[in-house]
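Reading through the structure tokens given below for one structure.
These figures come from a predicted structure and were not determined experimentally. Order of the sequence lines sets the chain letters (A, B, ...), proteins ahead of strands, with each chain counted from 1.
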Number of protein chains: 2
Amino acid sequence: MKRAKKKQFHDFIAARGLKSTRQRDMVLDCFLSSDSHLSTEELYMKVRAKNSSIGYATVYRTLKLFAESGIAREIHFGDGQTRYEHVAEGEHHDHLVCTRCGSVQEFENEAIEKLQQEVADQFGFLVETHKMELYGICSKCRK
Amino acid sequence: MKRAKKKQFHDFIAARGLKSTRQRDMVLDCFLSSDSHLSTEELYMKVRAKNSSIGYATVYRTLKLFAESGIAREIHFGDGQTRYEHVAEGEHHDHLVCTRCGSVQEFENEAIEKLQQEVADQFGFLVETHKMELYGICSKCRK
DNA sequence: ATTATCATGATAATCATTTTCAATTGGAGA
DNA sequence: TCTCCAATTGAAAATGATTATCATGATAAT
């Protein structure tokens, strides 16, 4: 799976005429071996811990490339930070965001997706992507 | 309806020990007579057109108060701007956002809300709010 | 009216993100 | 392997949205 994502990114890089660099591979490794939903800054910290003298801007730029290549997706949880989650192709998931501890639980629900489609059809709307987040208190925090 | 919202805001102001001012009333009028989903800057432009010498900061502060008072709600559509929509109490709606022309269509769907609740229950999650946006091409742009 | 607060407007400060730019590096081709 | 050019990098400046600061002006309870 990591292999597949690495290949996907390298193919993207090649197809675009971009270059494969030490820094990009480092960020890629860190990203793939991290939890989903990390903010750019969190990723930056991890990369910097492993290595090094990598620049802030490089991490920003590289994460944007991940999104373009399709191995990652930008998400926003309302705090002012952009986060990136892993993308397994074809699949889409939504989120339960705990407003107390900040934890994020993913879920999928076919029935909801189907209803979304129906609603869109009613309006003659062609859905490309969607996002859905439920905010509240997670089970741990409720105890 | 506008009356009710004005009252709601004034009650909130009073309960908090805040003051009723010319500027707040101006922003309130502009907000209530505008479409939903306006960004802070758009609102600022409208207020400034009507009057005057109102400060940027005042509009920001006032919109935050609207959200706290419950007559408005912050929304984010992924462009980096905070928008505010009108809140009719109890009711919640979701959005169809056209990625081509930027138009926003609101919709409500009880069945989806119900399914969301079920999912949350499965995880022992207590939902406080949610947001859901479908991004794609609206009917006008598809023609 | 007096006074204690709160609010305002202008501006500076902040925070996340992007751009700039000179110096460096990857990699296609000689 | 060596050359060369376009792509990349890191540092720092720039940007855009939002928030804080502060001196001055307005509100409302006494």
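- Each of Lys64(B) and Thr58(A) lies near DNA chain D, and the nucleotide nearest Thr58(A) is the one positioned closer to the 5' end.
- Between Phe12(B) and Phe9(B), the ring-plane angle classifies as parallel under the 30° and 60° cut-offs.
- dA16(C) atom P lies 19 Å from atom CG of Asp79(B), rounded to whole Å.
- Neither side chain, Lys140(B) nor Ser103(B), offers a donor N or O lying under 3.5 Å from an acceptor on the other.
- Counting only distance, with no hydrogens or angles, the side chain of Arg83(B) and the backbone of Ser36(B) share no donor-acceptor pair below 3.5 Å.
- In the hydrophobic cluster analysis, where Ile, Leu, Val, Met, Phe, Trp and Tyr join through side-chain heavy atoms closer than 4.5 angstrom, Tyr60(A) is grouped together with Ile13(A).
- Following rounding to the nearest Å, Leu18(A) (CG) and dT25(C) (C1') show an atom-to-atom distance of 14 Å.
- Using a 4.0 Å heavy-atom cutoff across all strands shown, Arg61(B) reaches at least one base atom of the nucleic acid.
- The OH-P distance, from Tyr56(A) to dC15(C), rounds to 11 Å in whole Å.
- Nearest-nucleotide positions on DNA chain D place Gly80(B) closer to the 5' end than the other of Ser20(B) and Gly80(B).
- Running 5' to 3' along DNA chain D, contacts with non-hydrogen atoms of chain B at under 4.0 Å begin and end at dA17(D) to dA28(D).
- The CG atom of Leu38(A) sits 15 Å away from the P atom of dA16(C) (whole-angstrom rounding).
- Look at OH on Tyr60(B): it is 18 Å from P on dA12(C), rounded to the nearest Å.
- A salt bridge is defined here as a Lys NZ or Arg NE, NH1 or NH2 lying under 4.0 Å from an Asp or Glu carboxylate O, and Asp29(B) with Lys2(B) fails to meet this definition.
- Close to dT17(C), at under 4.0 Å from its OP1 or OP2, lies a side-chain N or O of Thr82(A).
- Evaluated for a side chain to side chain contact (heavy atoms under 4.5 Å, CB included) with His92(B), the options Met132(B), Glu113(B), Glu108(B) yield exactly one hit, Glu113(B).
- With His86(B) contributing its side chain and Ser34(B) its backbone, the two residues share a donor-acceptor pair below 3.5 Å.
- Remark on the helix from dA1(C)-dT30(D) to dA30(C)-dT1(D): inter-end axis angle 30°, axes from five-pair C1' superpositions, rounded to 10°.
- Nearest-nucleotide mapping onto DNA chain C: of Ala57(B) and Lys19(B), the residue sitting toward the 5' end is Lys19(B).
- Criterion: ILVMFWY side-chain heavy atoms under 4.5 Å apart, direct or through other members. Under it, Val104(A) and Ile137(A) are not part of a common hydrophobic cluster.
- A distance below 6.0 Å separates the ring centres of Phe31(A) and Phe66(A).
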